[in-house]
2 protein chains.
Amino acid sequence: MKKARAAAAPAQTTVYDLAEKAGVSAMTVSRALSGNGYVAKATRARVLAAAEEMGYFPNIAAKGLKRTRTHVLGMLVNELHSPYLAQIVSAVSLATRRHRMDLFIGLTAHDPDDDSPPAIKHMLSGLCDGLLLALPRSRQLIETVERSGLPAVLLDYSRSGTTLDIVRGDNHDSAKAAVDHLLSLGHRRIAFIAGTSHTGQSPERQRGYLDSLKAAGLAGDPALIVQGGFDQAQAFERTRQLLALSVPPTAVFAASDEMAFGAMDAVRTLGLRVPDDVSIVGYDDIPPSMHTQPGLTTVRQSTTEIAEAAVRLLLQRIDDPVPAAAPIEFASQLVIRGSTGPSPSPG
Amino acid sequence: MKKARAAAAPAQTTVYDLAEKAGVSAMTVSRALSGNGYVAKATRARVLAAAEEMGYFPNIAAKGLKRTRTHVLGMLVNELHSPYLAQIVSAVSLATRRHRMDLFIGLTAHDPDDDSPPAIKHMLSGLCDGLLLALPRSRQLIETVERSGLPAVLLDYSRSGTTLDIVRGDNHDSAKAAVDHLLSLGHRRIAFIAGTSHTGQSPERQRGYLDSLKAAGLAGDPALIVQGGFDQAQAFERTRQLLALSVPPTAVFAASDEMAFGAMDAVRTLGLRVPDDVSIVGYDDIPPSMHTQPGLTTVRQSTTEIAEAAVRLLLQRIDDPVPAAAPIEFASQLVIRGSTGPSPSPG
DNA sequence: GTGAAAGCGCTAACAG
DNA sequence: CTGTTAGCGCTTTCAC
């Protein structure tokens with residue numbers, strides 16, 4: 001038996017406390033609680049009762065030290081204000097549970113600009129078995145994870161040059177489909193509001209936009225491509241400017257729903273109507289998009305599938321750490337609602 | 001020096017590896033990295049270089065075992081779809097960083113219905129120094145934390161019967177102010193859309209609503225109080241029903257912005273206008289609320305102050321575990337935008 | 001300034 | 001079925 005614990009700290013109950021209470025060894029307690037190995041029914045019951053009574057919680061730290069699995073996955077996210085990210089996090093949380101693992105989420109947005117951000121430091125510190133990076137914005141973050149050797153999967157990353165596995169929603173093809181839809185409605189001057197390019201998603205969507213125009217034999221007008229920074233207010237301003245052009249666009253494709261909301265606001269602020277005067281398409285299909293007036297035509301990503309695949313892949317890599325395979329990409333789906341209609345000036 | 005590590009695992013770098021590389025003892029490595037105790041400048045530099053080169057990350061688990069602080073706070077949240085919760089989480093993350101701590105977030109929404117939810121199990125397992133429970137919905141969760149003895153603070157909890165500290169935004173007074181505002185605009189039939197009552201916030205807001213009516217000498221009509229479950233679609237339906245009453249309300253006060261959005265949709269679906277025919281007030285002031293047409297009149301909670309106070313209080317309790325004091329409550333602020341206007345049928 | 005020893009809570013690996 | 005021993009990576013305590 002161990003010596004008495006120091007009086008100071010609010011004494012967390014340990015296996016030794018339980019062992020004493022149940023009149024067995026610590027090892028038996030461990031076995032009884034984990035369900036591994038043989039323990040007599042009665043002994044087990046006594047241990048469980050003691051654990052219940054004393055409010056015992058196994059110390060994951062000590063567990064992890066034994067190099068056995070912690071059964072915890074870590075997830076790093078820049079911030080949570082984006083509803084799309086909230087969806088991804090939620091889907092990953094659910095998928096994690098389905099695989100009987102736990103999930104810890106860390107935010108990187110508020111990390112100091114020092115070398116390696118604290119959030120990841122702890123994630124990499126032997127706490128979790130593997131790491132999910134959702135929409136990673138920083139190359140440095142990715143490199144740090146690569147160097148750590150911890151199994152990791154990137155979610156919705158569309159750039160090259162990483163040695164990590166990637167699971168993502170399609171960007172190019174669905175963006176092309178969105179613009180094809182606008183073209184089929186007779187639109188010819190179609191603007192694109194880009195987001196930031198950190199994750200490579202917005203550039204891919206822009207590529208889809210350009211390819212659609214090209215396939216229709218249209219030379220894209222550079223004046224119709226503006227930077228919205230994935231920010232609603234900024235998209236609002238850019239749209240106002242777009243509509244002030246001598247030949248304004250009749251449709252706007254925004255690289256995110258939130259920017260599309262900003263665009264809709266701008267259209268209305270100028271006394272115009274959606275979709276009568278200007279059609280609007282977004283990207284992500286976040287929950288509010290079905291509630292706007294009119295509903296927002298947008299691209300829905302398969303967050304559930306992306307999350308499930310990412311977790312499954314990560315668990316595979318944890319079991320068998322082989323080099324990354326090619327990115328896994330899920331098709332996205334164009335959801336047509338009321339914000340798109342025939343061009344007011346066809347052809 | 002330690003024996004060679006097993007070949008199998010993707011060998012995490014340890015202080016012993018660093019010690020060998022830098023030609024010093026593990027203890028010196030520890031000192032050099034932590035900054036505690038005396039280490040020669042040159043030695044320190046060598047150790048830091050080795051750490052950098054080998055991609056070293058201290059193992060938080062081993063650190064925690066020594067019962068010293070882990071410098072990690074845990075935060076438990078039911079889900080993240082609510083923008084208000086995202087705000088709170090973000091604010092807490094920022095506050096945590098300001099106090100040079102890290103934050104791990106766990107979701108409880110997908111926990112199985114067993115006894116103690118997994119997320120909390122790990123949080124309670126000696127991993128973090130203290131716990132923040134944001135809008136805790138489950139009494140059982142709170143009780144589990146209470147019994148664990150881990151320092152903990154509840155955020156935005158407005159019920160009684162817990163022994164834990166509470167930091168929250170005011171609900172009653174600001175709700176009363178919101179309804180006072182409607183009364184001052186001449187409204188007399190004012191509906192209330194309640195949320196769920198888990199955290200006690202909605203009931204408090206309802207109390208403020210009732211007190212406002214009472215102070216104005218009005219007997220509240222029970223038919224004007226409906227349950228929206230903090231859900232936009234549900235609030236939409238309830239509002240349609242409210243407006244179908246023989247004497248419909250001229251104003252609707254919803255216990256959350258999202259429910260207010262549902263109410264606005266319902267008003268417009270019936271061919272009525274906001275605020276000309278029906279005034280709408282929400283609660284929380286989430287980001288989209290300033291972008292609706294018209295902007296939503298709502299109550300802004302001081303998330304930054306709440307988060308900062310909660311973190312500070314938690315750190316105090318970690319340093320000095322004394323019983324909880326009275327709840328700390330921050331005033332909330334009525335933000336008047338375009339969704340409220342004079343009653344079409346003044347009193 | 002630096003090192004050696006011990007132990008945090010837990011669980012493999014071996015007895016018995 | 002149960003107990004003993006040892007050690008995970010780190011840091012506290014004490015020596016030098």
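Every chain is numbered from 1, with letters handed out A, B, ... down the list of sequences.
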With a 4.0 Å cutoff (strictly under), does any side-chain N or O of [X] reach OP1 or OP2 of [N]?
X	N	result
T14(B)	dC8(D)	no
Y56(A)	dC10(C)	yes
S30(B)	dC10(D)	no
T28(B)	dT2(C)	no

What is the separation between atom CG on L127(B) and atom C1' on dC8(C), rounded to the nearest whole Å? 15 Å

Using whole Å, report how far CE of M27(A) lies from C1' of dA13(C). 9 Å

In Å and rounded to the nearest 0.5 Å, what is the OG1 to CZ distance from T144(A) to F57(B)? 5.5 Å

Derivation of the salt bridge (charged side-chain N to carboxylate O under 4.0 Å, His left out) call for E143(A) and R147(A): CA-CA 6 Å; E143(A) 279 163 19; R147(A) 291 185 54 203; over 6 Å; no

In the structure I gave you, are the side-chain heavy atoms of H110(A) and E79(A) within less than 4.5 Å of one another anywhere? no

Compare the minimum distances between each of dC10(C), dT2(C), dG9(D) and the side chain of A62(B), then state the nucleotide with the smallest one. dG9(D)

Checking all strands, does V29(A) fall into the base, sugar-phosphate, or nothing category for heavy-atom contacts under 4.0 angstrom? nothing

Any base atoms under 4.0 Å from S34(B), or only sugar-phosphate, or nothing? Heavy atoms, all strands. nothing

